[in-house]
Novice: 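One structure follows; several queries about it will come next.
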Amino acid sequence: MTQGFSFDLHATDGKARTGVIRTPRGEIRTPAFMPVGTAGTVKAMLPESVRETGADIILGNTYHLMLRPTAELIDRMGGLHRFMNWHGPILTDSGGFQVMSLAELRKLTERGVTFRSHIDGSRHELTPERSMEIQRLLGSDIVMAFDECPALPADRTRIAESMRLSMRWAQRSRDAFGDRPGHALFGIQQGGLERDLREESAEALKAIGFDGYAVGGLAVGEGQEAMFATLDFAPDMLPVDKPRYLMGVGKPDDIVGAVKRGIDMMDCVLPSRSGRTGQVFTRHGVLNIKNARHREDPRPLDESCTCPACRGYSRAYLHHVFRANEIISAMLLTWHNLHYFQELMAGMRAAIAEGRFAAWEAEFHARRALGDI
Ligand SMILES: O=c1[nH]cnc2c(CCNCC3CCCCC3)c3[nH]c(NCc4cccs4)nc3cc12
Ligand SMILES: [Zn+2]
């Protein structure tokens with residue numbers, strides 16, 4: 001076990017778990033939702049505001065930061081925590097997933113991926129070794145192994161070959177990561193929706209040994225039913241005493257279903273990105289503030305929400321500033337959505353600790369069935 005990094009399980013309720021991940025930069029209450037700080041910022045939010053929403057940890061984005069301003073510059077500035085003034089834990093992704101979805105002229109080989117920057121067309125290479133170096137330069141507390149996530153739909157042969165490549169890259173990530181007390185390296189399980197391939201991947205990762213284990217290869221278009229069917233068996237293949245991180249999830253009901261199946265950590269751009277498009281998450285479901293029906297509505301977004309948007313502003317105002325494309329619109333809607341996602345996590349942590357997760361889940365779904373929100 002990497003010293004300075006530990007995971008304490010406090011309670012379980014069915015497959016749902018609640019606990020704390022301890023790191024030298026602070027504790028992470030699980031189940032945890034991790035806001036995405038793409039290019040060194042959680043868009044439209046000050047770091048202290050992100051903290052106020054209840055987030056214990058944020059994500060940093062290796063792909064964006066390696067291109068601009070470069071990991072070497074951030075290292076010379078004292079690392080990402082100092083650079084962006086976020087002094088809690090940071091998890092950085094390996095860059096691999098973003099390369100495959102954002103970069104141009106990508107070339108994938110056993111060695112890694114070469115690509116051209118979507119910003120200025122410059123040529124770059126990402127390998128397990130380079131990804132570990134970049135994440136070290138950023139000063140990341142939780143480092144993700146360099147993996148390949150196959151785009152679905154893909155046939156079983158392609159999924160098996162991709163998973164086996166990711167397992168070879170997982171070993172190279174582990175070897176290159178070295179021994180960094182207080183810093184953790186997470187492996188990523190692949191294998192699509194196939195039970196035997198997921199098993200082979202889990203066994204390979206456990207043989208290498210990681211401080212935490214991610215369930216990758218999901219939330220890539222398979223749909224919620226297939227994702228939950230896979231989560232009915234995949235997390236159980238991973239060590240019970242280490243954190244389990246489901247990558248890229250998700251909508252509130254995806255998050256609840258994942259926690260119910262034993263997931264401890266999740267990340268998603270949804271609350272921040274959709275906030276900027278006017279999509280608002282409330283306990284009664286989703287609304288879009290640009291809809292004309294909010295034009296003269298004096299009510300807050302959510303009567304029972306204590307965030308600054310709900311304490312100080314009406315839907316009519318938020319409708320106006322959204323339509324006028326005012327900067328405060330992105331600020332208030334992002335704050336509200338991040339606050340809502342953190343409230344969701346806090347509600348589940350308490351429910352699991354008190355052995356009433358099933359009742360909490362039933363109420364979560366019932367609230368959303370109400371009519372006009
Ligand atoms: O197997 C995977 N390996 C590695 N990363 C994955 C990610 C990216 C997780 N968020 C990274 C963040 C780093 C900081 C910037 C923002 C992303 C996934 N995201 C999704 N679904 C959501 C999706 C998002 C886009 C297309 S699908 N499935 C994923 C599967 C994997
Ligand atoms: Zn609110």
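Start at 1 and go down the list; that is how both ligands and their atoms are numbered. Bear in mind the structure is a predicted one, so any value in this text is a computation, not a measurement. Reckoned from all heavy atoms, side chains included, excluding hydrogens, waters and symmetry mates.
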Novice: Show the atoms of ligand 1 that are less than 4.0 angstrom away from any heavy atom in Val220.
Specialist: 28 (N)

Novice: Is a donor from one side chain sitting under 3.5 angstrom from an acceptor on the other, for His336 and Thr334?
Specialist: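 There is no such pair (donor and acceptor under 3.5 Å, judged by atom type) between the side chains of His336 and Thr334.
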
Novice: Find, among atoms of His336 that are N, O or S, the one nearest to the Zn ion (ligand 2), and state its name.
Specialist: ND1

Novice: For Ser140 and Gln135, which I'm curious about, is there any donor-acceptor pair between the side chains at under 3.5 Å?
Specialist: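 No, because no side-chain N or O of Ser140 sits under 3.5 Å from a partner of the opposite role on Gln135.
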
Novice: Taking only heavy atoms of Val269 into account, list the atoms of ligand 1 that are under 4.0 Å away from them.
Specialist: 16 (C)

Novice: Just by distance, with hydrogens left out, do Arg116 and Ser122 show a side-chain donor and acceptor under 3.5 Å apart?
Specialist: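 Distance-only check fails for Arg116 and Ser122.
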
Novice: Could you check atom 17 (C) of ligand 1 against the protein and tell me its nearest heavy-atom contact, residue, atom and distance included?
Specialist: Gln98 NE2, 3.5 Å

Novice: Answer yes or no for Cys310: is there an N/O/S atom below the 2.8 Å cut-off from the Zn ion (ligand 2)?
Specialist: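 So Cys310 counts as coordinating the Zn ion (ligand 2), yes.
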
Novice: Using a strict cut-off of 4.0 Å, indicate which atoms of ligand 1 neighbour a heavy atom of Gly216.
Specialist: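 Those qualifying, in numeric order: 1 (O), 2 (C).
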
Novice: From atom 27 (S) of ligand 1, work out which of Ser94, Ser272, Ala219, Ala39 has a heavy atom at the shortest distance.
Specialist: Ala219

Novice: State yes or no: are the ring centers of His320 and His294 separated by less than 6.0 Å?
Specialist: no

Novice: Starting from atom 24 (C) of ligand 1, what is the nearest protein heavy atom, named by residue and atom, and what distance separates them?
Specialist: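 Looking at atom 24 (C) of ligand 1, the protein heavy atom closest to it is Phe97 CE2, 4.1 Å.
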
Novice: Checking Arg283 against Tyr340: charged group under 6.0 Å from the ring centre and within 45 degrees of the axis?
Specialist: no

Novice: Starting from atom 22 (C) of ligand 1, locate the nearest protein heavy atom and write down its residue, its atom name and how far away it is, to 0.1 Å.
Specialist: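 It is Gly248 O, 3.3 Å.
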
Novice: Do any nitrogen or oxygen atoms of Leu218 lie less than 3.5 angstrom from nitrogen or oxygen atoms of ligand 1?
Specialist: yes

Novice: So is there a nitrogen or oxygen of Gln190 less than 3.5 Å from a nitrogen or oxygen in ligand 1?
Specialist: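 Yes; at least one N/O pair falls below 3.5 Å.
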
Novice: Could you find the nearest protein heavy atom to atom 16 (C) of ligand 1 and give me its residue, atom name and distance?
Specialist: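 For this ligand atom, the closest protein heavy atom is Val36 CG1, 3.5 Å.
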
Novice: Can Asp93 and Tyr63 be counted as having a side-chain donor-acceptor contact under 3.5 angstrom?
Specialist: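 No donor-acceptor contact under 3.5 Å links the two side chains.
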
Novice: Report yes or no: does Gly217 have a heavy atom closer than 4.0 Å to ligand 1?
Specialist: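 Per 4.0 Å heavy-atom rule, Gly217 contacts ligand 1.
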
Novice: What verdict does the side chain to side chain contact (heavy atoms under 4.5 Å, CB included) test give for Leu231 and Val215, after you've listed the backbone C-alpha separation in whole Å, the side-chain angles of each residue and the deciding distance to 0.1 Å?
Specialist: CA-CA 9 Å; Leu231 290 176; Val215 178; 4.2 Å; yes

Novice: Provide, to 0.1 Å, the distance between atom 3 (N) of ligand 1 and the closest protein heavy atom, together with that atom's residue and name.
Specialist: Asp147 OD2, 2.7 Å

Novice: Within less than 4.0 angstrom of ligand 1, does His64 place any heavy atom?
Specialist: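 It does not, in that no heavy atom of His64 comes within the 4.0 Å cut-off of ligand 1.
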
Novice: Under 3.5 Å, is there a donor-acceptor pair linking the side chains of Ser304 and Asp302?
Specialist: yes

Novice: Quick one: which ligand 1 atoms are inside 4.0 Å of a heavy atom on Leu59?
Specialist: 12 (C), 13 (C)

Novice: Please walk me through it: do Asp141 and His81 pass side chain to side chain donor-acceptor pair (under 3.5 Å)?
Specialist: CA-CA 10 Å; Asp141 302 285; His81 295 82; 2.7 Å; yes

Novice: Starting from atom 15 (C) of ligand 1, what is the nearest protein heavy atom, named by residue and atom, and what distance separates them?
Specialist: Asn61 ND2, 3.0 Å

Novice: Checking side-chain polar atoms at under 3.5 Å, does Asn337 have a donor or acceptor matched by the opposite partner on His339?
Specialist: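 Asn337 vs His339: no donor-acceptor pair found between side chains.
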
Novice: Does Arg261 make a cation-pi contact with Phe228 (under 6.0 Å, within 45 degrees of the axis)?
Specialist: yes

Novice: Any nitrogen or oxygen of Asp267, side chain or backbone, less than 3.5 Å from one on ligand 1?
Specialist: yes

